[in-house]
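Residue numbers run from 1 in the order of the sequence given.
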Amino acid sequence: MDFLEDLELYNTAMENAYNLITNKISLDDVYIVMEDEAEEIEFPLPFNPFMHEDITNEEIDHVIEHFSNLEQYEKCQELVNCKIPESVT
C-alpha cells in the first residue's frame, strides 16, 4: 500500500466508526451485507468492536479528533453525544 491508499483506508475506517458509534449502522447490518455479497468486502475500523461490550470514550475521542481535524463539527457533536457519562465521585 502506498500513502494515499493508507490514507483512504484510514478515512474509511473513521467513517465506518462514526456510523457504528452513532447507530447509523449496526454490526448486524455489516454481517448481513457480508453474507449477501458473493465477494469478500472489507469493513475497516480503528478499533475492535469485539474486545469489549461498549465502545469506550477514549475510542470515541479518537474518532472525534479525526473529524475535528477535517472541520466536520456536526459529526463531532453527534459523537460527543454518544459518549458514556463518567460517574462523578
Side-chain angles (χ1 to χ4, degrees):
M1 269 192 189
D2 66 5
F3 175 74
L4 292 177
E5 288 173 335
D6 287 345
L7 186 59
E8 182 179 346
L9 182 63
Y10 180 76
N11 286 328
T12 300
M14 289 299 181
E15 195 67 40
N16 288 341
Y18 163 77
N19 288 326
L20 192 63
I21 292 166
T22 58
N23 293 315
K24 295 186 185 320
I25 59 170
S26 69
L27 284 178
D28 291 339
D29 296 335
V30 175
Y31 287 136
I32 291 169
V33 170
M34 287 179 164
E35 287 178 353
D36 291 345
E37 294 291 319
E39 61 189 60
E40 187 175 316
I41 65 167
E42 291 184 2
F43 191 79
L45 287 168
F47 52 81
N48 184 346
F50 304 108
M51 291 286 291
H52 34 77
E53 194 169 314
D54 293 320
I55 299 168
T56 66
N57 285 348
E58 184 178 305
E59 292 165 334
I60 295 173
D61 286 339
H62 183 74
V63 180
I64 290 170
E65 181 180 348
H66 170 76
F67 286 110
S68 178
N69 290 336
L70 297 177
E71 298 181 359
Q72 295 184 4
Y73 302 118
E74 296 83 12
K75 288 184 178 182
C76 294
Q77 185 59 54
E78 283 185 77
L79 291 163
V80 167
N81 294 340
C82 293
K83 290 177 74 171
I84 300 167
E86 295 181 20
S87 60
V88 178
T89 54

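Contact annotation: the side chain of Glu5 approaches that of Asp2 to within less than 4.5 Å [non-hydrogen atoms, C-beta and beyond]. Residues Leu70 and Met14 fail the side-chain proximity criterion, which asks for heavy atoms closer than 4.5 Å.
In this structure Glu71 satisfies the side-chain contact (heavy atoms from CB on, under 4.5 Å) test together with Tyr73, sequence neighbours excluded. Qualifying side-chain hydrogen bond (donor to acceptor under 3.5 Å, both in side chains) partners for Asn57, counting only residues two or more places apart in sequence or in other chains: none. Under the rule for a ring pair (Phe, Tyr, Trp, His ring centres under 6.0 Å), the partners of Tyr10 that lie at least two apart in sequence or sit in another chain are His66. Residues passing the salt bridge (charged side-chain N to carboxylate O under 4.0 Å, His left out) test with Glu15, sequence neighbours excluded: Lys75. Qualifying salt bridge (charged side-chain N to carboxylate O under 4.0 Å, His left out) partners for Asp61, counting only residues two or more places apart in sequence or in other chains: Lys83. Partners of Thr12 according to the side-chain hydrogen bond (donor to acceptor under 3.5 Å, both in side chains) rule, which considers only residues two or more places apart in sequence or in another chain, do not exist here. Partners of Gln77 by side-chain hydrogen bond (donor to acceptor under 3.5 Å, both in side chains), not counting sequence neighbours, listed by chain and number: Asn81.
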For residues 47-55, dump all side-chain donor-acceptor pairs below 3.5 Å to protein atoms at least two apart in sequence or in another chain.
residue	atom	partner	partner atom	Å
Asn48	OD1	Phe50	N	2.9
His52	ND1	Asp54	O	2.5
His52	NE2	Glu59	OE2	3.4

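Among all heavy-atom pairs drawn from Pro46 and Ala17, the shortest one is CD-CB, 3.6 Å. Heavy-atom minimum distance, Val30 versus Ile25: CG2-CD1, 4.3 Å.
Residues Leu4, Leu7 make up the rest of the hydrophobic cluster containing Phe3, defined by ILVMFWY side-chain heavy atoms closer than 4.5 Å, directly or through other members.
For the pair Thr22 (side chain) and Tyr18 (backbone), a donor-acceptor distance under 3.5 Å is present. Judged purely by atom type and a 3.5 angstrom limit, Asp29 uses its side chain to pair as donor or acceptor with the backbone of Ser26. When atom types are taken as modelled, the side chain of Asn16 and the backbone of Pro44 share a donor-acceptor pair closer than 3.5 angstrom.
Each salt bridge (charged side-chain N to carboxylate O under 4.0 Å, His left out) pair with one or both residues in residues 18-28, not counting sequence neighbours, appears once here: Lys24-Glu78.
For Gln72, the CD atom counts as densely surrounded, since its 6.0 Å shell holds more than 12 non-hydrogen atoms of other residues, nucleotides or ligands.
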